[in-house]
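Notes follow once the structure below has been shown.
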Amino acid sequence: MSADQPFKSQFLQTMQERGYIHQITHPVELDEAAGKGPIAAYIGFDATASSLHVGHMIQIMMLRRLQQAGHKPIVLMGGGTTKVGDPTFKDTQRPLLTDEQIKANIDSMKVSFARFLTFGDGPTDAVMVDNADWLDKLGYVQFLRDYGVHFTINRMLTFDSVKLRLEREQPMTFLEFNYMLMQATDFLELERTHGCVLQMGGSDQWGNIINGVELIRRVDQKPSFGLTTPLLSTASGQKMGKTVGGAVWLNADMRSPYDYWQFWRNTEDADVGRFMKLFTDLSMEDIARYEAMQGADINEAKKVLANEATRMLHGEEAAHAAAEAARVAFEVGSVSGDMPTFEIPAADLEAGVVLAALATDAGLAASRGEARRLAQGGGLRVNDAAEADANRTITSADLVDGVVKLAAGKKKIVLVKPV
RNA sequence: GGGGGAAUGUCCCGAGUGGCAAAGGGGGGGGACUGUAAAUCCCCUGGCGUACGCCUUCGCAGGUUCGAGUCCUGCUUCCCCCA
């Protein structure tokens, strides 16, 4: 049963031609179900941060495609599982989040989801649920009797999430071991309360998803499905989603639309087509045209990608402003008010500020030493002129059109503005 | 419970005869070349200071020593073997 044969349902067709599919549990049956009428599907999200980031985009876009195809997306927030603390990255025992923090994070993330999904009460409207609502109520003994009985240790040990860890002789706590059970009960719960028949996620979630499918089959004797996406990396093998300056958050107050636009603008040549399919609503025909572009022309395609992606998240106006700011900065070599700005008291500037300190405060370097090294390497520029001496003083005499333009490298630009 | 091993630059891996701000990678930053791409090459990568320099780092706490990542003692955590 290969996924190579063409799908009949619009949803799976789209998913396949746009490159979202890595594995499906029962492709033919799922295709049938999706072809018959609206189905409900869900994806789970952690509530550890106050914003989603670019790494979540593929999941968000899947829910969007689902809704576009006339189905019902369910956003599952891990309010319950977050309370336990995701043990996967446990190097330092991170401080556990309080209920209030989790609640705030969920609210904050919802803003981003709302840009991509239509929430409401209709049959194909998206809904958001929180697994704390049912996980919190589970009693230990009840949990073991109701669900634990359906899982054998023998089988659990065969899952990659467990097996790999044991093979590397790394410790795995009982808590982590139980994680897959919790996720399986999430699926069962949503199947019962929302008629959810499909769970989607990254390829690393395959094992967890399978468990949910199994649990539903055993407990409720109903079919359900799982679908995973390929692991996203850039054409040159880098992890997707990293840039100069850390995580690319979706919330505008954590990462400016200008930065978001830049993130997409800096896509590698070989990724443009793939990313357009995954992260924009452009038609396959349009994308094919952009993909055909060669050499420097492909930069036009990258701008389109950046425009489309930014428009969906931040709106037409912000996308426009970001594109314009980029044009002014890179093609004209001037400045624009939409670039990141750092405000400094006018009196301080009047008195003079050491460049190294200013660059550090403005976020271009992590420390003065780093700013010095940056300057020595020729990477620090003041008003577009390389400045090797980080000890020089910046004063109001350096103002050009009311701002001092500082740049670290070619892409990190900050306008220092006296207030 | 008994025995054996391990924790290193607060991103990761990882060398380290008592003189160590500590090899080498990866990752990251910058420069060159280009097209705000990739590949390649070069430089940088603990903090502060203009600077001879000062300060803080090798799981934690003590000790020996002119001097400790390195030796000793105790503790913590983890791994392996035996029970």
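Within every chain, numbering begins at 1; the chains are lettered A, B, ... in the order of the sequence lines, protein sequences first and strands thereafter.
Applying the side chain to side chain donor-acceptor pair (under 3.5 Å) rule to pairs touching residues 396-406 of chain A yields A:E350-A:S396, A:D384-A:K405, A:R392-A:D398, sequence neighbours excluded. Within the structure, side chain to side chain donor-acceptor pair (under 3.5 Å) contacts touching residues 64-74 of chain A (residues at least two apart or in different chains) are A:Y20-A:R65, A:R64-A:D281, A:R65-A:Q68, A:R65-A:D281, A:Q68-A:D281.
The C1' atoms of B:rA37 and B:rG25 are separated by 26 Å, rounded to the nearest whole Å. Here, B:rU10 and B:rG62 have their C1' atoms 24 Å apart, quoted to the whole Å. Going from the C1' atom of B:rG63 to that of B:rU56 covers 22 Å, rounded to whole Å. For the P atoms, the distance from B:rU45 to B:rA21 is 16 Å, rounded to whole Å. Rounded to whole Å, the C1' atom of B:rU50 lies 14 Å from the corresponding atom of B:rC54. Straight-line distance between the P atoms of B:rG27 and B:rC13: roughly 15 Å, to the nearest whole Å. A distance of about 12 Å separates the P atoms of B:rG19 and B:rC71, rounded to the whole Å. B:rG46 and B:rA22 have their C1' atoms separated by 12 Å, given to the nearest Å.
Searching all strands for a Watson-Crick or G-U wobble partner of B:rG53 with both distances below 3.5 Å returns B:rC48. Across all strands shown, B:rC41 forms a Watson-Crick or G-U wobble pair with B:rG31, both key distances being under 3.5 Å. Pairing partner, B:rG67: none, since no Watson-Crick or wobble contact has both distances short of 3.5 Å. As the counterpart of B:rG62, B:rC72 is assigned, both hydrogen-bonding distances of the Watson-Crick or G-U wobble pattern falling under 3.5 Å.
Annotation: salt bridge (Lys or Arg N to Asp or Glu O under 4.0 Å) contacts of A:R289 (sequence neighbours excluded): A:D286. Residues forming a salt bridge (Lys or Arg N to Asp or Glu O under 4.0 Å) with A:D107 (at least two apart in sequence, or on another chain): A:K103. Partners of A:E189 under the salt bridge (Lys or Arg N to Asp or Glu O under 4.0 Å) rule, at least two apart in sequence or in another chain, do not exist in this structure. A:K277 pairs by the side-chain hydrogen bond (donor to acceptor under 3.5 Å, both in side chains) definition with nothing, not counting sequence neighbours. With sequence neighbours left out, the side-chain contact (heavy atoms from CB on, under 4.5 Å) criterion links A:S224 to A:F187, A:V213, A:I216. Listed by chain and number, the residues in a side-chain contact (heavy atoms from CB on, under 4.5 Å) with A:K303 are A:W261, A:R265, A:E300, A:E331 (sequence neighbours excluded).
Of all nucleotides listed (B:rG35, B:rC48, B:rU36), B:rG35 comes nearest to the side chain of A:D269. Checked against B:rA37, B:rG35, B:rG29, the side chain of A:I298 finds its nearest nucleotide in B:rG35. Between B:rG29, B:rA38, B:rU45, one nucleotide has an atom nearer to the side chain of A:R373 than all others, and that is B:rU45. The nucleotide whose nearest atom lies closest to any side-chain atom of A:W261 is, among B:rU36, B:rG35, B:rA37, B:rU36. Considering only side-chain atoms of A:A296, the nucleotide from B:rG35, B:rU36, B:rG29 that sits closest is B:rG35.
Residue A:Q262 places a side-chain atom within donor-acceptor reach of the base of B:rU36, judged by atom type and a 3.5 Å distance cut-off alone.
For A:F330 and A:S367, each mapped to the nucleotide of RNA chain B holding its nearest heavy atom, the one lying further toward the 5' end belongs to A:F330.
Results of the side chain to side chain contact (heavy atoms under 4.5 Å, CB included) test with A:F11 over A:D31, A:L30, A:L198 single out A:L198 as the only residue that passes. Each of A:L406, A:D389, A:L374 was checked for a side chain to side chain contact (heavy atoms under 4.5 Å, CB included) with A:L380, and the lone residue meeting it is A:L374.
A:W264 has its ring centre less than 6.0 Å from the ring centre of A:F279.
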For residues 308-322 of chain A, tabulate all N or O donor-acceptor pairs below 3.5 Å that involve a side-chain atom, not counting sequence neighbours.
residue: A:E308; atom: OE1; partner: A:R311; partner atom: NH2; Å: 2.7
residue: A:T310; atom: OG1; partner: A:A306; partner atom: O; Å: 2.7

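Distance A:D297 CG to B:rA38 P: 18 Å, rounded to the nearest Å. Between the C1' atom of B:rG30 and the CG atom of A:L406 lies a distance of 16 Å, rounded to the nearest Å.
Contacts of residues 299-327 of chain A with RNA chain B (heavy atom under 4.0 Å): A:N299, A:K302, A:A326.
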Pairwise N/O distances under 3.5 Å, protein to nucleotides 31-34 of chain B:
residue: B:rA32; atom: OP2; partner: A:K410; partner atom: NZ; Å: 2.8

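Its glycosidic angle being more than 90° from 0, B:rC78 falls on the anti side.
Side-chain contact check for A:Q183 versus A:N131: every heavy-atom pair is 4.5 Å or farther apart.
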Item to check | Base versus backbone protein contacts along nucleotides 50-55 of chain B [heavy-atom cut-off under 4.0 Å; B, S, -] | outcome: S-----
